[in-house]
Each structure stands twice: as structure tokens, then as C-alpha cells.
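All values reported here derive from a predicted model rather than from experimental measurement. In the text below, chain A, chain B and the rest are named by the order of the sequence lines, each starting its count at 1.
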There are 2 protein chains.
Amino acid sequence: MGLSKTEQFTDEEILIARFAKALGHPARIAILRVLLERKACICGDIVDELPLSQSTVSQHLKELKEAGLIQGDIDGKKVCYCINEQVWKQAQETLGILFQSYTASDTSCC
Amino acid sequence: MGLSKTEQFTDEEILIARFAKALGHPARIAILRVLLERKACICGDIVDELPLSQSTVSQHLKELKEAGLIQGDIDGKKVCYCINEQVWKQAQETLGILFQSYTASDTSCC
DNA sequence: TTTTATAATCGTAAAATTACGATTAATGTA
DNA sequence: TACATTAATCGTAATTTTACGATTATAAAA
């Protein structure tokens with residue numbers, strides 16, 4: 001029925017999937033790229049850089065924020081976004097561990 | 001509406017998002033875990049390990065296969081799945097570069 | 001050849017995602 | 001105070017994802 005059934009999996013599996021899912025759209029990668037380049041960035045600037053409407057970008061920002069990867073600080077009538085260092089490193093590590101756990105085997109498949 | 005508009009983004013953004021999306025569900029992380037542990041694995045064994053129906057697991061396997069992260073070799077009336085080393089390393093690298101491009105800034109946000 | 005086992009595919013339904021325009025809330029400016 | 005700007009939220013529609021049971025195709029076994 002389209003539900004995620006998240007209860008059935010381990011916390012780590014859910015965490016990794018959560019980070020990965022947040023990264024699972026080109027627009028959100030593009031947003032992160034802008035933030036990574038400029039260190040910090042006003043929402044409007046991000047909208048200008050992307051081929052998407054303001055409301056759509058805002059939605060993507062919300063998803064990145066909900067995954068914890070970015071944070072937004074209110075600055076007057078603008079909102080300044082930036083990478084959340086702590087969570088970013090956590091995502092890097094959990095995903096890194098997953099990828100590193102592969103040890104090239106002599107026999108590729110059966 | 002509801003379309004991905006992938007044409008508007010760079011090939012690299014699309015590629016990273018593609019890998020991340022494939023990893024964006026706990027069931028698929030769980031599947032990969034099984035494959036990483038056992039090196040190679042019969043489809044049926046994966047079904048036994050997961051709290052999902054055979055058809056649902058098959059669907060998740062298909063998505064991982066379409067992203068290139070795994071491959072399936074027919075072995076009699078069974079199908080043996082394993083990590084696709086080349087693509088796995090490519091995903092590791094592209095995602096790794098993204099994560100590493102963050103350099104902790106002195107000023108966290110505005 | 002018939003039966004059994006394995007795994008993909010089909011059909012279907014519910015839910016989530018993506019996208020946009022319009023509206024709203026909040027803050028700064030005239 | 002009235003106006004303008006900024007960004008979130010609402011409402012809506014199309015698409016995609018998730019999930020399952022049922023069916024199908026294939027190959028091994030009886």
C-alpha cells in the first residue's frame with residue numbers, strides 16, 4: 001500500500017536511507033553544491049541558480065532541512081542556509097561505512 | 001507536474017541523485033547489507049531475511065539493478081545477486097567527492 | 001511428461017513525491 | 001502607516017513509489 005514499513009528495519013538502515021533519500025534528487029544535489037561553494041547562502045540566491053520555481057525550491061530546502069543536512073537561519077527578511085556540519089559528517093560516515101564494507105571478492109558472482 | 005525535470009541539471013548531479021535515490025529506502029539498504037555480508041546471494045535468501053513479500057523484494061532488487069549497484073546472474077532456476085564492483089566504486093567516489101567538498105568554515109552560518 | 005520451485009512480471013491500490021501558482025506571514029523600507 | 005520584498009505554506013494535479021496477491025515463465029526434479 002505504498003507505506004514504508006520502516007518499523008521493520010534497523011535504526012541504522014533507516015538513518016542511511018533517510019540521508020540517501022534526501023540526496024536522491026538532482027535539484028537537492030544542485031542546492032547542496034551552491035551551499036558547498038558559497039559556504040552560506042540566501043534562499044533567494046539558490047532560487048536564482050536553479051531552474052525551478054520559488055515554491056519548489058523551498059520544498060526541496062525543507063526536505064534537506066528535515067534530513068538535518070542543512071540549517072536555515074533567519075536574517076532579517078531573508079533566510080540564510082548552510083550545511084549542518086555535524087549531520088553532514090554523520091551522513092558522510094554512515095554512508096562511507098556502507099561503501100567501505102565492500103571488499104572486492106575474487107569471484108564476482110556465482 | 002510531478003516530473004523530475006532532469007534535463008535541467010548536470011550529468012553529475014543526475015548521476016549522484018540516481019545512486020542516492022537507489023539507496024533511499026531501508027529495504028534496499030538491508031538488501032545490500034545481506035549482499036555485502038555474503039558476497040553473493042540467492043534471491044530467495046534475501047526474501048527470507050526481509051520482512052517483505054517476494055514480489056516487493058523483487059521490485060527493490062530491480063531498482064538496485066537499474067541503478068547499476070548490483071547484478072543478477074541466472075544459476076539454474078535461481079538467480080544469484082551480488083554487488084557490481086565497478087559501479088559500486090563509482091557511487092562511492094561520486095558521493096565521496098560531494099561529502100569531501102565540505103570544508104568546515106569558521107563561521108557556520110550568517 | 002508432469003510436478004515443483006524460483007523469481008519476474010502484472011494488476012491494483014494507497015501513499016508519497018514533484019511541481020507550480022496563489023496566498024500568507026514577516027520584516028524592512030518609503 | 002502603507003508598500004515592497006522575501007520565503008514558507010496552501011491547494012492542486014500529475015507522476016512515482018511502495019506494497020501485495022496472483023499470474024507467468026523457466027528450469028530442475030520426480
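The distance from atom CG of A:Asp73 to atom P of D:dA8 is 12 Å, rounded to the nearest whole Å. The nearest whole Å value for the distance from the CG atom in B:Asp48 to the C1' atom in C:dA7 is 13 Å. In this entry the distance linking CD of B:Glu49 with P of C:dA7 reads 14 Å, nearest Å. B:Gln71 has its CD atom 17 Å from the C1' atom of C:dA7, to the nearest Å. Between the P atom of C:dT18 and the CG atom of A:Leu50 lies a distance of 14 Å, rounded to the nearest Å. The distance from atom CD1 of A:Ile29 to atom C1' of C:dT18 is 16 Å, rounded to the nearest whole Å. Separating the NZ atom of A:Lys65 from the P atom of D:dA7 is a distance of 11 Å, rounded to the nearest angstrom. Counting to the nearest Å, the C1' atom of D:dT16 and the CZ atom of B:Arg18 are 16 Å from each other.
Among residues two or more places apart in sequence or in another chain, the side-chain contact (heavy atoms from CB on, under 4.5 Å) test is passed with B:Gln90 by B:Leu15, B:Phe19, B:Val87. When the side-chain contact (heavy atoms from CB on, under 4.5 Å) test is applied to B:Lys77, no partner is found at least two apart in sequence or on another chain. Here A:Gln54 pairs with nothing under the side chain to side chain donor-acceptor pair (under 3.5 Å) rule; sequence neighbours left out. The side chain to side chain donor-acceptor pair (under 3.5 Å) check on A:Lys62 picks up nothing, with sequence neighbours excluded. With sequence neighbours excluded, the residues satisfying salt bridge (charged side-chain N to carboxylate O under 4.0 Å, His left out) with A:Glu49 are A:Arg38.
OP1 or OP2 of C:dC20 has at least one side-chain nitrogen or oxygen of A:Thr56 nearer than 4.0 Å. At the phosphate of C:dA8, OP1 or OP2 sits under 4.0 Å from a side-chain N or O atom of B:Ser58. Residue A:Lys78 has no polar side-chain atom (N or O) positioned under 4.0 Å from OP1 or OP2 of C:dG28. For A:Ser53 and C:dC20, the shortest distance from a side-chain N or O to OP1 or OP2 is below 4.0 Å. Using a 4.0 Å cut-off, some side-chain N or O of B:His60 falls inside it from OP1 or OP2 of D:dA19.
Residue B:Cys43 has its side chain nearest to C:dA8 when only C:dA8, D:dT9, C:dT18 are considered. Among the nucleotides C:dA8, D:dA8, D:dG21, the one closest to any side-chain atom of B:Leu61 is C:dA8. When each of C:dA8, C:dA7, D:dA7 is scored by its nearest atom to the side-chain atoms of B:Tyr81, the top-ranked nucleotide is C:dA8. Comparing D:dA7, D:dA22, C:dA16 by their nearest atom to the side chain of A:Ile42 picks out D:dA7. The side chain of A:Glu63 lies closest to C:dT18, out of D:dA19, D:dA8, C:dT18. Side-chain atoms of B:Leu52 lie closest to D:dA19 of the nucleotides C:dT18, C:dG21, D:dA19.
B:Ser55 and B:Ser58 share no donor-acceptor pair across their side chains, judged by distance under 3.5 Å alone.
A residue-by-residue look at A:Val47 and A:Lys21 shows that A:Val47 has its nearest nucleotide of DNA chain D further toward the 5' end.
Residue-level contact check: B:Gln59 touches the bases, meaning some heavy atom is under 4.0 Å from a base atom.
The line from CG of B:Asp45 to CG of B:Leu50 is 11.0 Å long, rounded to the nearest 0.5 Å.
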Reading nucleotides 23-30 of chain D from 5' to 3' and marking B where a protein heavy atom lies under 4.0 Å of the base, S where only the sugar-phosphate is that close, and - otherwise, the string is ----BS--
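You'll find the side chain of A:Gln71 stays beyond 4.5 Å of the side chain of A:Lys65, heavy atoms only.
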